[in-house]
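Have a look at the structure below before the remarks.
No experiment lies behind these values; they were computed from the predicted model shown.
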Amino acid sequence: MSFFNYNGINIFYEVTGNGGECIMLIHGLGSSSRVYSNISKYDFFRKNFNVLFIDLVGYGNSDKPMEFDYSIKSQALACLHLIDYLGINSTHIIAHSMGGVVAQYICESIKVKSFINCEGNLTLDDCKLSASIYNVGFEVFNRGGFKFLKNKYRTIPFYESLCMTNAYVMYESSKSLVEVCKTDNILERFIKLDTGKMYVYGERNLGKRKSQDYLRDTGIAIKHIKDSGHNMIEENPYNFYKTLIEYFSDANSFEAL
């Protein structure tokens, strides 16, 4: 395992592939880089890209210090320092859920070739899980809410990552995510972002997010992953990665094999 030391915090990362452009993978709330493990099954990514996995601070194999504020902006800043440390000049970003908001700030700070946003939070209405955590307050969530959450997701792959974080990290992350989506006009900023963009939905969530109506007429590529919901990356990895391969191939971002 590889770690980047950021202000005394060990951040887990891994780079796979045989060279070429970089793809940075950013996970969501309660998750970890494990959510993208199936990408290694596809020769397309191994042959054409360097794939950068990262566990955000507080998640997966990264440190979980109490003194870190777990804000979206702080997570983005840590990612930017890792990008600089690795000498990456330009990257594609694939980001899920909360990670989509982290990626938004990264894209506004450095040159990014493309941003694939997988049901990233665009409005306060998108904050389902995070709002439910934030609204009960830390004491209640810490006393029993986090245990309830783990029991709820015990039968799906997300559970393994959830067990690698803690109640404090989840609560502080949720608090920041809700506040950012309430005040920072993430939807408008995503639409205006000057980079290649695609927004990906799980098919079972069609019609459940108000932001869909705003994105429909923007010209941004929108794709739906069949037989899946919010966790489309693990629920239907074949269709998810097939959609990404089609996007990158059409974008002509590299010399196709």
Side-chain angles (χ1 to χ4, degrees), residues 3-15 22-33 35-36 51-65 67-124 126-127 129-130 134 161 165 168-200:
F3 291 91
F4 165 63
N5 188 281
Y6 172 65
N7 294 335
I9 301 169
N10 290 315
I11 299 175
F12 168 80
Y13 74 93
E14 181 181 10
V15 180
C22 178
I23 294 180
M24 185 176 195
L25 308 174
I26 305 177
H27 63 81
L29 179 69
S31 190
S32 72
S33 58
V35 72
Y36 295 105
V51 180
L52 171 58
F53 298 81
I54 180 174
D55 287 340
L56 298 175
V57 182
Y59 296 94
N61 291 301
S62 292
D63 286 350
K64 301 158 182 66
E67 60 271 19
F68 190 76
D69 68 3
Y70 295 101
S71 70
I72 300 300
K73 293 179 181 179
S74 292
Q75 296 282 17
L77 187 59
C79 290
L80 286 166
H81 277 274
L82 175 60
I83 290 170
D84 183 64
Y85 170 76
L86 294 174
I88 298 170
N89 296 318
S90 181
T91 183
H92 303 270
I93 298 180
I94 301 170
H96 178 239
S97 197
M98 178 186 77
V101 191
V102 175
Q104 177 71 33
Y105 289 107
I106 295 173
C107 291
E108 291 174 345
S109 299
I110 62 170
K111 178 183 177 182
V112 171
K113 295 208 69 172
S114 62
F115 175 18
I116 291 81
N117 195 338
C118 307
E119 286 204 15
N121 304 67
L122 295 175
T123 67
L124 186 60
D126 293 337
C127 298
L129 176 59
S130 53
Y134 180 40
S161 292
T165 186
Y168 180 76
V169 172
M170 288 289 290
Y171 181 80
E172 292 298 319
S173 298
S174 297
K175 177 182 177 181
S176 178
L177 182 57
V178 169
E179 291 177 347
V180 162
C181 288
K182 187 183 296 184
T183 63
D184 282 17
N185 300 315
I186 301 301
L187 172 62
E188 291 81 1
R189 289 163 65 172
F190 175 68
I191 293 172
K192 294 177 181 178
L193 200 61
D194 186 22
T195 187
K197 297 188 291 286
M198 179 167 71
Y199 198 90
V200 181

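Partners of E179 by salt bridge (charged side-chain N to carboxylate O under 4.0 Å, His left out), not counting sequence neighbours: none found. Applying the salt bridge (charged side-chain N to carboxylate O under 4.0 Å, His left out) criterion to K64, with sequence neighbours excluded, gives no partner residue. Annotation: side-chain hydrogen bond (donor to acceptor under 3.5 Å, both in side chains) contacts of D69 (sequence neighbours excluded): S71, S74. With sequence neighbours excluded, no residue satisfies side-chain hydrogen bond (donor to acceptor under 3.5 Å, both in side chains) with Y168. With sequence neighbours excluded, the residues satisfying ring pair (Phe, Tyr, Trp, His ring centres under 6.0 Å) with F115 are F190. Remark: S62 engages no residue in a side-chain hydrogen bond (donor to acceptor under 3.5 Å, both in side chains) (not counting sequence neighbours). Every residue meeting the side chain to side chain contact (heavy atoms under 4.5 Å, CB included) condition with N10, not counting sequence neighbours, appears here in chain and number order: F3, N5, D63. Evaluation of the side-chain hydrogen bond (donor to acceptor under 3.5 Å, both in side chains) rule for T91 yields no partner, not counting sequence neighbours.
Nearest heavy-atom pair, V57 versus P65, reported as atom, atom and distance to 0.1 Å: CG1-CD, 4.0 Å. Closest non-hydrogen pair, F4 versus A78, comes out as CE2-O, 4.3 Å. Across C118 and H96, no two heavy atoms sit closer than the pair O-CD2, 3.2 Å.
Side-chain contact between I23 and I94: present, with at least one pair of heavy atoms (C-beta onward) separated by less than 4.5 Å. Inter-residue side-chain proximity for Q75 and Y105 is flagged as unmet; no heavy-atom pair is nearer than 4.5 Å. Residues I54 and I11 have side chains in contact (heavy-atom distance under 4.5 Å, counting atoms from C-beta outward). Contact of the M98 side chain with the S130 side chain is not registered, since no non-hydrogen atoms from C-beta on lie closer than 4.5 Å. Annotation: side chain of N117 is in contact with side chain of L122 (closest heavy-atom distance under 4.5 Å). The side-chain heavy atoms of T165 and M170, taken from C-beta on, include a pair separated by under 4.5 Å. Between Y13 and F53, the closest side-chain pair of non-hydrogen atoms is not below 4.5 Å. Between I93 and I116 the shortest side-chain heavy-atom distance does not fall below 4.5 Å.
No donor-acceptor distance shorter than 3.5 angstrom exists from the side chain of Y134 to the backbone of L129, with no hydrogens or angles considered.
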Let me check something: any side-chain donor-acceptor pairs from residues 79-90 under 3.5 Å, sequence neighbours excluded? List them with distances.
none

When the side chains of residues 24-33 are checked against the rest of the protein, which donor-acceptor pairs come out under 3.5 Å, sequence neighbours left out?
unit_1, atom_1, unit_2, atom_2, d
H27, NE2, L56, N, 3.0
S32, OG, R34, N, 3.2
S32, OG, S161, OG, 2.6
S33, OG, D55, OD1, 2.8

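Under 4.0 Å is where a charged nitrogen must lie from a carboxylate oxygen, and between K111 and D194 no such pair does.
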Item to complete: Decide yes or no on side chain to side chain contact (heavy atoms under 4.5 Å, CB included) for K73 and D184, but give the supporting numbers first.
Response: CA-CA 11 Å; K73 293 179 181 179; D184 282 17; 3.6 Å; yes
Worksheet item: Hey, mind stepping through D126 and C181 against side chain to side chain contact (heavy atoms under 4.5 Å, CB included) and telling me if it holds?
Response: CA-CA 9 Å; D126 293 337; C181 288; over 6 Å; no
Item to complete: Please test V51 against V15 for side chain to side chain contact (heavy atoms under 4.5 Å, CB included), starting from the C-alpha separation and ending with a verdict.
Response: CA-CA 5 Å; V51 180; V15 180; over 6 Å; no
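When each of T183, V178, L177 is tested with L124 by the rule side chain to side chain contact (heavy atoms under 4.5 Å, CB included), just one qualifies, namely V178.
Taking OG1 of T195 as the reference point, atom CD1 of I110 lies at 10.0 Å (rounded to 0.5 Å).
Applying the salt bridge (Lys or Arg N to Asp or Glu O under 4.0 Å) test to residues at least two apart or on different chains, the pairs with a partner in residues 85-109 are E108-R189. Pairs passing the salt bridge (Lys or Arg N to Asp or Glu O under 4.0 Å) check and including a residue from residues 89-102, sequence neighbours excluded, do not occur.
Using a 30° and 60° split on the angle between ring planes, F68 and Y70 fall in the perpendicular class, above 60°.
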